[in-house]
Amino acid sequence: LVQNLEVVKGRLNRPLTLSEKILYGHLDDPANQDIVRGQSYLRLRPDRVAMQDATAQMAMLQFISSGLPKVAVPSTIHCDHLIQAQIEGTKDLARAKDINKEVYNFLATAGAKYGVGFWKPGS
């Protein structure tokens, strides 16, 4: 990561923001990557992927359609975004587990099949 940042910092000839450090630190080829803010598509090599339940459904469906047998980097699904605060913690959690049972079951089984960690609701 540090080497990537030194290359990009030298190319841009200016200090980097925290967001830029996070993104540019994960560039696949920092010496040759086109870096034009708002225009370039960055080729990244993330070291881990964390997903939340509300968007992990689509991410897992897209991964499944890729035909790959397992994820390439450590990945996890965290089930916390589909829990709505309405009454109080315990009752809200039970309600979310009931309403979103199909979603949670899909995420748990798909995660197990493809090597993605699963943090169930209430973890």
Side-chain angles (χ1 to χ4, degrees):
L1 294 176
V2 174
Q3 291 174 339
N4 281 10
L5 294 177
E6 290 303 319
V7 171
V8 172
K9 208 168 159 183
R11 287 183 57 199
L12 297 178
N13 198 27
R14 64 172 173 78
L16 302 175
T17 66
L18 176 60
S19 297
E20 289 173 327
K21 289 176 182 176
I22 293 167
L23 285 172
Y24 296 155
H26 290 87
L27 286 175
D28 180 50
D29 183 7
N32 298 306
Q33 169 71 56
D34 184 34
I35 303 175
V36 180
R37 186 178 289 172
Q39 294 180 15
S40 300
Y41 284 92
L42 301 180
R43 188 176 169 105
L44 302 171
R45 290 201 177 265
D47 47 16
R48 86 170 282 94
V49 174
M51 298 171 272
Q52 45 96 347
D53 49 6
T55 58
Q57 301 166 65
M58 185 54 67
M60 288 305 296
L61 288 170
Q62 290 174 335
F63 179 81
I64 291 166
S65 71
S66 76
L68 295 171
K70 274 187 121 53
V71 293
V73 297
S75 303
T76 51
I77 297 169
H78 303 266
C79 295
D80 57 355
H81 282 70
L82 295 177
I83 303 168
Q84 297 177 354
Q86 293 184 344
I87 303 166
E88 63 89 21
T90 306
K91 292 179 183 176
D92 292 337
L93 179 58
R95 182 174 179 271
K97 286 180 177 179
D98 180 53
I99 291 172
N100 302 300
K101 184 177 183 178
E102 184 178 3
V103 171
Y104 296 142
N105 287 341
F106 165 71
L107 293 174
T109 56
K113 181 174 181 176
Y114 296 102
V116 177
F118 180 75
W119 292 76
K120 64 184 181 179
S123 294

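Both Leu68 and Val71 are assigned to one and the same hydrophobic cluster, defined by single-linkage of ILVMFWY side chains at heavy-atom distances under 4.5 Å. Note on Leu61: it clusters hydrophobically with Val103, by side-chain heavy-atom contacts below 4.5 Å among ILVMFWY residues. Phe63 and Phe106 fall within the same hydrophobic cluster, where Ile, Leu, Val, Met, Phe, Trp and Tyr residues are linked whenever their side-chain heavy atoms come under 4.5 Å apart, directly or through other members.
For CZ of Arg37, the number of neighbouring non-hydrogen atoms (other residues, nucleotides, ligands) closer than 6.0 Å is 12 at most. The number of heavy atoms from other shown groups lying within 6.0 Å of CD (Glu88) is above 12. Crowding of Lys97 atom NZ: a count of heavy atoms from other residues, nucleotides or ligands under 6.0 Å exceeding 12.
The two residues Ile64 and Ala110 make their nearest non-hydrogen contact at CD1-CB, 4.4 Å. Nearest heavy atoms, Ala59 versus Met51: CB-SD, 3.7 Å. Ala85 approaches Asp92 most closely through the heavy-atom pair CA-OD2, 3.3 Å. When all heavy atoms are compared, the tightest approach of Val73 to Asp47 is CB-O, 4.1 Å. Across every non-hydrogen atom of Asn4 and Tyr24, the tightest pair is CB-O, 3.6 Å. Considering every non-hydrogen atom in both Gln57 and Ala54, the closest pair reads NE2-O, 3.6 Å.
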Show me the donor-acceptor pairs within less than 3.5 Å that the side chains of residues 39-46 make with the rest of the protein, sequence neighbours left out.
from  : atom 1 : to    : atom 2 : distance (Å)
Ser40 : OG     : Asp34 : O      : 3.1
Ser40 : OG     : Asp34 : OD2    : 3.1
Ser40 : OG     : Val36 : N      : 2.7
Ser40 : OG     : Val36 : O      : 3.4
Arg43 : NE     : Asp28 : OD2    : 2.9
Arg45 : NE     : Asp28 : OD1    : 2.3
Arg45 : NH2    : Asp28 : OD1    : 3.1

Please report, to 0.1 Å, the donor-acceptor pairs under 3.5 Å made by any side chain of residues 114-121, with sequence neighbours excluded.
none

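For the pair Leu27 and Val8, the minimum side-chain heavy-atom distance is below 4.5 Å. No side-chain heavy atom of Arg95 sits under 4.5 Å from any side-chain heavy atom of Leu93.
Expressed to the nearest 0.5 Å, how far CD1 of Ile77 lies from OG1 of Thr55 amounts to 9.5 Å. Taking CG of Asn32 as the start and CZ of Arg11 as the end, the distance is 7.0 Å to the nearest 0.5 Å. Between atom CD of residue Glu20 and atom CG of residue Leu5 there is a gap of 10.0 Å, rounded to the nearest 0.5 Å. Interatomic distance, Gln3 CD to Glu6 CD, rounded to the nearest 0.5 Å: 9.0 Å. Atom OG1 of Thr17 and atom CD1 of Ile22 lie 8.5 Å apart (nearest 0.5 Å). Annotation: the span from Leu107 atom CG to His78 atom NE2 amounts to 12.0 Å, rounded to 0.5 Å.
Between the side chain of Gln33 and the main chain of Ile35, no donor-acceptor pair closer than 3.5 Å is present.
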